[in-house]
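To keep things clear, I will list the structure first and then write my remarks on it.
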Amino acid sequence: MDKIKKLIKSHPPIAQLSSNHLLAIEGMNKNEILSLIERADYFADLETSQIKKFLEGYVVLNVFFENSTRTRVSFEVAGKRLGADVINISVNTSSIKKGESLLDTANTLSAMKPDLLIVRHPESGAPKLFSEYLDCSIVNAGDGRHEHPTQALLDALTIRRKLGEIEGLKISICGDIANSRVARSNIHLLTTLGAQVKCVAPPTLMPKNLMSLGVECFDNLKEGIKDCNVIMLLRLQNERMSGTETPSQREYFHYYGLDKKKLDLANNKAVIMHPGPMNRGVEIASSLADDTQRSLIKTQVEMGVAIRMATLEALHNKKYNK
Ligand code: CP
């Protein structure tokens, strides 16, 4: 029996999703989340030469209406590692620039019969809208202030590989919570997996009623990170602000930026995470960002490819092998 359990652990099955799309962590159950994380954990340890290219002929369109480095490239790498045909659509050179509506663009892309669209958009709900009108699967690669589900999944995988089970961990999410889709996805995922989540933000960047999601809220970083095992820092999303929400960057760093002195208040083995892109000297001291003992920022990027492989594989399997 132990042998079988060991075998399942080292070769976890393809992740099982109840939907043809991955639009949000909210609404996903613990088993779906864990099946993606465990499958990605397996992919993360495989040599590229060991990966079977069984997504041959599976057409994936990367449709990004907002800038991205990590998410766009890692979906492309993930798809190509599994043998999929991945095509990048650059909005700067697309007909959106000539005034085409979102739905007309969606219908045009749909006519090319892709299997999957990976959509990033500045408006919350745009990927869901695509999923309601198109025949193919949709993955939300970050929509406005709403959700960024694969980011939360890769964050959870990163934590698990470093600290073990997420249940019972104290995790502080600090910074611009109000404008952060990463925070929202992580809150849903980490509370579903049983972590104790604390959110830290200046009052102007703390959403109202956040406590209804099962988290504790702090406007003092030193109190919010006390004894925690993981500190997740968030970028100030200036592009989503009206301009009055934050003091100067220098003042922000003084109160909410993480430096070594503040880090000493957390658990003595606490790890630091940041979804990127990060602003050194604003939300994090540059020396901490590069501290290989405490910072998991590079590992997060590495795990991004594994999580996206597990996601593409699961959606392919849902379509062709159900
Ligand atoms: N974390 C993240 O979404 O980064 P990108 O904007 O570079 O994709």
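As the structure lists them, so they are numbered: ligands from 1, and atoms in each ligand from 1. Here, residue 1 is the first one in the sequence, and each next residue gets the next number. The structure displayed is predicted, hence computed values, not measured ones.
- Figure legend: Arg39 and Phe43 shown as a cation-pi pair, the cationic atom lying under 6.0 angstrom from the six-membered ring centre and within 45 degrees of its axis.
- Among protein heavy atoms, atom 4 (O) of ligand 1 sits closest to Arg70 NE, 3.0 Å.
- Listed by atom number, the atoms of ligand 1 under 4.0 Å from Gln151 heavy atoms are 1 (N), 2 (C).
- Residue Thr69 has at least one heavy-atom neighbour below 4.0 Å for each of these atoms of ligand 1: 5 (P), 7 (O), 8 (O).
- In summary, the atoms of ligand 1 found under 4.0 Å from a heavy atom of Gly276, numbered by their order in the structure, are 1 (N), 2 (C), 4 (O).
- The aromatic rings of Tyr320 and Tyr58 sit perpendicular to each other, their planes meeting at more than 60°, with 30° as the lower class boundary.
- Here the heavy atom of the protein found nearest to atom 6 (O) of ligand 1 is Arg120 NH1, 2.8 Å.
- Among protein heavy atoms, atom 2 (C) of ligand 1 sits closest to Thr71 OG1, 3.6 Å.
- Using cut-offs of 30° and 60° for the angle between ring planes, the Phe65 and His121 rings count as tilted.
- Remark: Arg120 is not positioned above the aromatic ring of Phe64, lacking an NZ or CZ atom under 6.0 angstrom from the ring centre and at most 45 degrees off the axis.
- Under the 4.0 Å criterion applied to side-chain N and carboxylate O atoms, Arg161 and Asp45 are assigned as salt-bridge partners.
- Across every non-hydrogen atom of Ser19 and Glu32, the tightest pair is N-OE2, 4.5 Å.
- Counting the atoms of ligand 1 from 1 in the order shown, those under 4.0 Å from a heavy atom of His148 are 2 (C), 3 (O).
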